[in-house]
**Student:** 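Structure incoming, see below.
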Amino acid sequence: MARPLFQALPGTRDLLPPDTDRMRELVSRFAERAITAGFGLVVPPMFEDIGVFVRLGEASDVVSKELYDFEDKGGRHIALRPEQTASVCRIYAEARPTTPWKAWYAGPNFRYDKPQAGRYRQFDQVGAEVIGSHDPDVDVELIALAARFFRDIGLTRVRLLLNSLGDGADRPRYLDALRAHFESDVGALSEQSRLTLAKNPLRVLDSKRPQDLELVASAPVIVDYLSDDAGAAFERVQAGLTVLGVEFELAPRLVRGLDYYTRTTFEFAADGLESAQNAVGGGGRYDGLIADLGGPPDPGVGFALGVDRTLLACDAESAFSGPDTRIEVWIVATTGGFEATELADELRAHGIRTDRSFDGRSMKAQMKGADRSGASLALIVGADEAAAGMVSIRSLREQGAQQSLVPRSDLVTKVKEMLER
RNA sequence: GUGGCCGUAGCUCAGUUGGCUAGAGCGCCUGGUUGUGGUCCAGGAGGUCGGGGGUUCAAAACCCCUCGGUCACCCCA
């Protein structure tokens, strides 16, 4: 195929209707739920000083290999945001809103990854964060928000996986145990996992390589290493979810790719997705992140949902078709005057989705346009109607196709009446 | 970053062991109706066969490079 001079870059996509309509609707459903729960919209910049993101974890791929970074004309080292939690924390440290601060957001993020199913270099997320509270009931509220949202848009095959990663105090003890476990039989591990083990033993649990499966399955479980405090919080989260009837599965080996997580960690897996990328959302606590960014030592919890993957999951379940944005009325005018211009303006002023042909096309071509637009009514103004101050209204839905002549002055009322049937 | 598969019209694809002016369906435009869509009929526009190089009398087909897509690993949303 002959390619145009320019194409969308790898990992980026051009979104067009009807995908854009679905996306808009999805974000607005999320907004509705978030606002109903007392969250306010924040709009972080799309780029920050790279230091903001480096705090996410220097051992993580997201930071070490996937950042889009560059030097700006002022000599600053900048990076496009790979996610929005870090920015929200930076905003919190800078603006110091009263706590608990509840913020939601929606927008694109950027990671220099190799694209594949459900993975793009520019991808959209919606998310919510609560900063300034240790209360596990906050964790419950957030998880429920996400779970209800998925249900709201019609997804049924989404599983909630739940784990606790413990605190600063319990983590080192667990890591020691984990390291000891893997090192006891290091020869059995894949080469890549051995490298991971040196950098971040937790992430070895995430390996999907067959040869690692056995050792991963027998690895110690962090829940056994939780402090009393962290253990009690984890119990409380589970109890809260149970009270709300939000189903979850304990996933003792669930780890997340960013290093900042503590305590409650969770992920939403879409079983409808056949691709390897079936996580449609995830989140957890990050009680140390704000301090790392130079802010107060305040705790935070939050989650982000992948908009693109969520929509893919909807496709797999034939859910969430999106709003109908089709044209309702098509104007066919052949006099060469301004009838189409005036009528379109008038109907649009009444909120009726209206369109028309241009370029002086034949009546037949204009009618074809009307049919293709999906409009249920065609308004026809030819020489006869124009002379009489009338408009012909033709119904395009029924096969009988009845047509009636109405005075120009009654047009809007009549059109509204006919559209309601 | 590593690997598998794939690039022919706007879209989905066919094109035999290399061999005529490269095809189909859908879509698009025009006409059949001097003012009427959705069905039907006729005609038409639209292709550097992803790009470059090579082999050959001859390449969409074979070889090399490259670009792009896709899927998996990795990683994650």
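So you know, we letter chains A, B, ... as the sequences are listed, proteins then strands, and number each from 1.
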**Student:** For the side chain of Ile380(A), counting heavy atoms from C-beta on, which of C74(B), U36(B), G31(B) is nearest?
**Tutor:** U36(B)

**Student:** Rounding to an integer number of angstrom, what distance separates G50(B) and G7(B) when you compare their C1' atoms?
**Tutor:** 6 Å

**Student:** What interatomic distance, in whole Å, is found between P of U16(B) and the corresponding atom of G23(B)?
**Tutor:** 14 Å

**Student:** Hey, does the side chain of Arg372(A) come within less than 4.0 Å of C29(B)'s phosphate (OP1/OP2), counting only N and O?
**Tutor:** yes

**Student:** Scan the side chains in residues 406-420 of chain A for donor-acceptor partners under 3.5 Å anywhere in the protein, sequence neighbours excluded, and list what turns up.
**Tutor:**
residue   : atom : partner   : partner atom : Å
Arg408(A) : NH2  : Glu346(A) : OE1          : 3.0

**Student:** Side chain of Lys368(A) only, please: which of G38(B), C74(B), A72(B) is the nearest?
**Tutor:** G38(B)

**Student:** Counting only Watson-Crick pairs (N1-N3 plus N6-O4 or O6-N4) and G-U wobbles (N1-O2, O6-N3), all under 3.5 Å, who is the partner of C29(B)?
**Tutor:** G43(B)

**Student:** The test is side-chain contact (heavy atoms from CB on, under 4.5 Å); show your working for Tyr286(A) and Thr85(A) and say whether it passes.
**Tutor:** CA-CA 10 Å; Tyr286(A) 43 87; Thr85(A) 302; 3.7 Å; yes

**Student:** Does a side-chain heavy-atom distance below 4.5 Å link Phe149(A) with Leu305(A)?
**Tutor:** yes

**Student:** Considering only side-chain heavy atoms of Gln277(A), which listed nucleotide, C74(B), U30(B), U36(B), is closest?
**Tutor:** C74(B)

**Student:** Mind checking Ala117(A) for me? I need base, sugar-phosphate or nothing, with any heavy atom below 4.0 Å counting as a touch.
**Tutor:** sugar-phosphate

**Student:** Under 4.0 angstrom, heavy atoms only, what part of the nucleic acid is Arg121(A) near: base, sugar-phosphate, or nothing?
**Tutor:** nothing

**Student:** Counting only side-chain heavy atoms from C-beta out, which of G37(B), C73(B), G69(B) sits nearest to Asp371(A)?
**Tutor:** G37(B)

**Student:** Given the ring of Tyr261(A), does Arg285(A) sit roughly above its face, with NZ or CZ under 6.0 Å from the centre of the six-membered ring and within 45° of the axis?
**Tutor:** no

**Student:** Return the nucleotide paired to A24(B): Watson-Crick means purine N1 to pyrimidine N3 with N6-O4 or O6-N4, wobble means G-U with N1-O2 and O6-N3, both under 3.5 Å.
**Tutor:** U12(B)

**Student:** Where each residue is assigned the nucleotide of RNA chain B containing its nearest heavy atom, which of Ser275(A) and Glu83(A) is assigned the position nearer the 5′ end?
**Tutor:** Ser275(A)

**Student:** Nearest-Å distance, CG (Leu205(A)) to P (C74(B))?
**Tutor:** 14 Å

**Student:** Taking atom C1' in both A59(B) and C49(B), what distance in whole Å separates the two?
**Tutor:** 11 Å

**Student:** Mind checking the C1' distance from G31(B) to G68(B)? Whole angstroms is fine.
**Tutor:** 41 Å

**Student:** Please determine if a side-chain N or O atom of Gln116(A) lies less than 4.0 Å away from the OP1 or OP2 oxygen of C71(B).
**Tutor:** no

**Student:** May I ask you to evaluate whether Arg309(A) reaches the phosphate of C76(B), defined as a side-chain N or O under 4.0 Å from OP1 or OP2?
**Tutor:** no

**Student:** How long is the line joining CG of Asp308(A) and P of C76(B), in whole Å?
**Tutor:** 18 Å

**Student:** Counting distance alone, no hydrogens or angles: does the base of U36(B) have a donor or acceptor under 3.5 Å from a partner atom on the side chain of Gln403(A)?
**Tutor:** yes

**Student:** Quickly work out the Arg361(A) CZ to G31(B) P distance and round it to whole Å.
**Tutor:** 10 Å

**Student:** In whole angstrom, what separates Lys65(A)'s NZ from U2(B)'s C1'?
**Tutor:** 11 Å

**Student:** Is the closest basic N to carboxylate O distance between Asp359(A) and Arg361(A) below 4.0 Å?
**Tutor:** no

**Student:** Using distance alone, with no hydrogens and no angle criterion, decide if Glu83(A) and Gln125(A) have a side-chain donor and acceptor under 3.5 Å apart.
**Tutor:** no

**Student:** Give one of base, sugar-phosphate or nothing for Asp124(A), where a contact means two heavy atoms less than 4.0 Å apart.
**Tutor:** nothing

**Student:** OP1 or OP2 of C76(B) sitting under 4.0 Å from any side-chain N/O of Arg203(A)?
**Tutor:** yes

**Student:** Is Lys114(A) close enough to C74(B) that one of its side-chain N or O atoms is under 4.0 Å from OP1 or OP2 there?
**Tutor:** no

**Student:** Does Gly369(A) reach a base, just sugar-phosphate, or nothing at all? Heavy atoms under 4.0 Å.
**Tutor:** nothing

**Student:** Rounded to the nearest Å, what distance is computed from the CG atom of residue Asp384(A) to the P atom of nucleotide U34(B)?
**Tutor:** 13 Å

**Student:** Run the salt-bridge test on Asp113(A) and Arg119(A) with the 4.0 Å N-O cut-off and return the result as yes or no.
**Tutor:** yes

**Student:** Is the shortest side-chain N to carboxylate O distance from Asp371(A) to Lys368(A) below 4.0 Å?
**Tutor:** no

**Student:** Of the residues in residues 102-113 of chain A, which ones touch RNA chain B at a heavy-atom distance under 4.0 Å?
**Tutor:** Arg111(A), Asp113(A)

**Student:** Can you find a donor-acceptor N/O pair under 3.5 angstrom joining the side chain of Arg119(A) to the base of C74(B)?
**Tutor:** yes

**Student:** With respect to the side chain of Ala279(A), which nucleotide from A77(B), G38(B), G31(B) is positioned closest?
**Tutor:** A77(B)

**Student:** Taking atom C1' of G38(B) as reference, at what distance in whole Å does atom CZ of Arg326(A) sit?
**Tutor:** 14 Å

**Student:** Using the P atom as the point on both nucleotides, what is the distance between U33(B) and G25(B), in whole Å?
**Tutor:** 25 Å

**Student:** How many Å lie between CG on Asp14(A) and P on C11(B), as a whole number?
**Tutor:** 13 Å

**Student:** I need the NZ-C1' distance between Lys364(A) and C29(B), as an integer number of Å.
**Tutor:** 12 Å

**Student:** Between the side-chain atoms of Glu385(A) and the base atoms of G35(B), is any donor-acceptor pair under 3.5 Å?
**Tutor:** yes

**Student:** Phe53(A) ring centre to Arg81(A) NZ or CZ under 6.0 Å, with the angle to the axis within 45°?
**Tutor:** no

**Student:** Rounding to an integer number of angstrom, what distance separates U34(B) and G10(B) when you compare their P atoms?
**Tutor:** 33 Å

**Student:** Identify whether the distance between the nearest side-chain nitrogen and carboxylate oxygen of Arg157(A) and Glu317(A) falls below 4.0 Å.
**Tutor:** no

**Student:** For Val62(A) and for Met363(A), find the nucleotide of RNA chain B with the closest heavy atom, then tell me which residue's nucleotide is more 5'.
**Tutor:** Met363(A)

**Student:** What is the pairing partner of C62(B), taking Watson-Crick or G-U wobble pairs with both distances under 3.5 Å in any strand?
**Tutor:** G54(B)

**Student:** On a whole-Å scale, what distance lies between the P atoms belonging to G52(B) and C13(B)?
**Tutor:** 25 Å

**Student:** Need the pair for G3(B). Rule: Watson-Crick or G-U wobble, both distances under 3.5 Å, any strand; none if unpaired.
**Tutor:** C71(B)

**Student:** For G32(B) and G51(B), measure between their P atoms and round to the nearest Å.
**Tutor:** 40 Å

**Student:** Please state whether the base of C75(B) and the side chain of Glu66(A) form at least one donor-acceptor pair under 3.5 Å?
**Tutor:** no

**Student:** Check the surroundings of atom CZ in Phe234(A): do more than 12 heavy atoms from other residues, nucleotides or ligands lie under 6.0 Å from it?
**Tutor:** yes

**Student:** With both distances kept under 3.5 Å, what pairs with C76(B), Watson-Crick or G-U wobble?
**Tutor:** none

**Student:** Contact class for Tyr120(A) vs. all strands (heavy atom < 4.0 Å): base, sugar-phosphate, or nothing?
**Tutor:** base

